[in-house]
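This report refers to the structure that appears directly beneath it.
All values below were derived from every heavy atom in this structure, side-chain atoms included, with hydrogens, water molecules and symmetry-related copies excluded.
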Amino acid sequence: MKIIKNYLYNVAYQLFAIIVPVITTPYITRVLGTKGVGVNAYTNSIIQYFVLAGSIGISLYGNRIIAYERDDRSKMSQTFWSLQIVRIFAILVAYAAFLIFLFLSHGYRLAYISQSIQIIAVAFDISWLFMGLEDFRRTVIRNFIVKLFSTIAIFTFVRDSGDTLLYITILSLSFLIGNISLWTHLNQVVDVPAFRQLTFTKHIKGSFFLFIPQISMQIYLVLNKTMLGNMKGVVSVGFYENSDKIVRILLTVITAITTVMMPRMANTFIHKQYQKLNSYLYETIDFVSCVSVLMTAVLAGVAPTFSIWFMGDSFAATGPLIAVLSLVGPIIAWSTVFGSQFLVTTGREHQFTVAVTAGAFVNLIANLFLIPPFGAMGAVIATVIAETLITVVDVWFAGAYIPLKPVFQEKWKYVFAGILVFFATRFFNTSMPGNFISLGVQALAGTIIYLSVCVVLNTSFTTSAFKRVVHFIQIRRNQ
């Protein structure tokens, strides 16, 4: 029940996180234009390298180690303070490196300074503590309030293309304020540290092992924008950024279950309940497969007119980009489950590192060959190739520890249903006007077709969902 409750908290927030960009993106793309959006995306991609350096893998490592030690408050408190001190020191070093970069840079200096607030904000990020404790309610409420006020600020103060710097500042400050707000709950879950008992070396080593895959992961997430900006200019970055944003908005709903399952699986693993661990994995992969294929099919189908309706005529070029990039939906869903949820939580982060590093290297090489002739589409294709490789390697490593037959069993049914939905929605998309009602009808029709095919094919997820609904109704009737 706690898993379902935490998942509902996450889904509620993720749905709100979807609604916010749905509201703000059409406004921002029209107000700031392609250049303003591109400047924000490009400078943010640079800042993320310093954010990553200051994070040094503590969020992922801290989430796991807190889940391991949460039954011993004293030990957990010492671990928390040890990790927090290490992070603060790392942030100071990262910000010093940023100041050197700022001194050497020649363009977008004010934008970089506003973006750098995010580096400072990382020092106050303790969301990993509450996630390790499976207390998702606090982080969800915090995120909800911060996003609500930042959205209001955007519509109130960002009025034209000259407000790009103000827009960046609002986003960065909301990140900082949100992180600081969680500290008001800290004394309820951890004790005052005994400074002589703090340990740093083992935690630096543990977080460093997860820092390496995060470096690789961040590289292939932001390197596309950095390389696009240098090779094709900030306008191409704006096209790629908004295409990527649309796809990842949908992915947040899918990966919400992984965020919930990570601490639960870590705690299950530390208690050596391996059969239950495998059961959690199989159920999660079935869920994300079903949902991600549906979202990919619908989004790819409606992309041509959706991009124009959502972002304006100046972003028409994002239609094909969104259609191709949507392929990463099921791919990332699988890599998240096998990589973060299984390999990392079971202490096999070195294998996770190999997968992500291989993907980052391939992404870099693919960008060098594909961006010059194809621009933003080249970066999109490079992303799909890199994500596919990461998933293949993650699954291959996981196969050494768990039977993979239940993983692949019947997944063809979701793919078959998704292909039918894509062609159906693309047909509707080319023959119907590109307005809100029309796009909604297309998405609804695609969903109905998908679920109908899944029911006819008797897929495991739809069958399981139907049984749970029937069971819930019976319980309610008996009360």
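- Annotation: Q188, atom CD; neighbour count of heavy atoms from other residues, nucleotides and ligands within 6.0 Å is above 12.
- Qualifying side chain to side chain donor-acceptor pair (under 3.5 Å) partners for H185, counting only residues two or more places apart in sequence or in other chains: R138.
- Rounding to the nearest 0.5 Å gives a distance of 7.0 Å between CD1 of I66 and CG of L83.
- Between the side chain of E387 and the main chain of S335, no donor-acceptor pair closer than 3.5 Å is present.
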Report, one line per pair, each donor and acceptor closer than 3.5 Å where one atom sits in a side chain of residues 436-449; sequence neighbours left out.
{"from": "S438", "atom 1": "OG", "to": "P433", "atom 2": "O", "distance (Å)": "2.6"}
{"from": "S438", "atom 1": "OG", "to": "Q442", "atom 2": "NE2", "distance (Å)": "3.0"}
{"from": "Q442", "atom 1": "OE1", "to": "N429", "atom 2": "ND2", "distance (Å)": "2.9"}
{"from": "Q442", "atom 1": "NE2", "to": "S438", "atom 2": "O", "distance (Å)": "3.4"}
{"from": "T447", "atom 1": "OG1", "to": "A443", "atom 2": "O", "distance (Å)": "2.9"}

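- Applying the side chain to side chain contact (heavy atoms under 4.5 Å, CB included) test to A121 and every residue at least two apart in sequence or in another chain returns F175, L176, N179.
- Remark: Y401 engages F342, R348, Q351 in a side chain to side chain contact (heavy atoms under 4.5 Å, CB included) (not counting sequence neighbours).
- With sequence neighbours left out, C290 forms a side chain to side chain contact (heavy atoms under 4.5 Å, CB included) with Y414, Y450, F461.
- Looking at residues two or more places apart in sequence or on another chain, you find a side chain to side chain contact (heavy atoms under 4.5 Å, CB included) between V407 and Y282, I285, W334, F338, L404.
- In this structure, the side chain of T425 engages the main chain of F422 through a donor-acceptor pair within 3.5 Å.
- Within the structure, salt bridge (Lys or Arg N to Asp or Glu O under 4.0 Å) pairs that include any residue of residues 355-369 do not occur (at least two apart or interchain).
- In this view, K413 and E410 satisfy the salt bridge (charged side-chain N to carboxylate O under 4.0 Å, His left out) rule, not counting sequence neighbours.
- Sorted pairs that involve residues 447-458 and meet salt bridge (Lys or Arg N to Asp or Glu O under 4.0 Å), not counting sequence neighbours, are lacking altogether.
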Would you be so kind as to tabulate the donor-acceptor pairs closer than 3.5 Å made by side chains of residues 374-382, with sequence neighbours excluded?
none

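- Listed by chain and number, the residues in a side chain to side chain donor-acceptor pair (under 3.5 Å) with S127 are D125 (sequence neighbours excluded).
- A side-chain donor-acceptor contact under 3.5 Å links Q115 to the backbone of N40.
- Applying the ring pair (Phe, Tyr, Trp, His ring centres under 6.0 Å) test to residues at least two apart or on different chains, the pairs with a partner in residues 52-85 are Y61-H203, F80-W128.
- When atom types are taken as modelled, the side chain of T29 and the backbone of M311 share a donor-acceptor pair closer than 3.5 angstrom.
- More than 12 heavy-atom neighbours from other residues, nucleotides or ligands sit within 6.0 angstrom of CZ on F397.
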*Might you work through the side chain to side chain donor-acceptor pair (under 3.5 Å) test for S326 and T296, ending with a clear yes or no?*
CA-CA 5 Å; S326 66; T296 292; 5.3 Å; no
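- Between the side chain of R426 and the backbone N or O of A300 there is at least one donor-acceptor pair closer than 3.5 Å.
- Aromatic ring pairs are classed by plane angle as parallel below 30°, tilted from 30° to 60° and perpendicular above 60°; the pair F306 and F310 is parallel.
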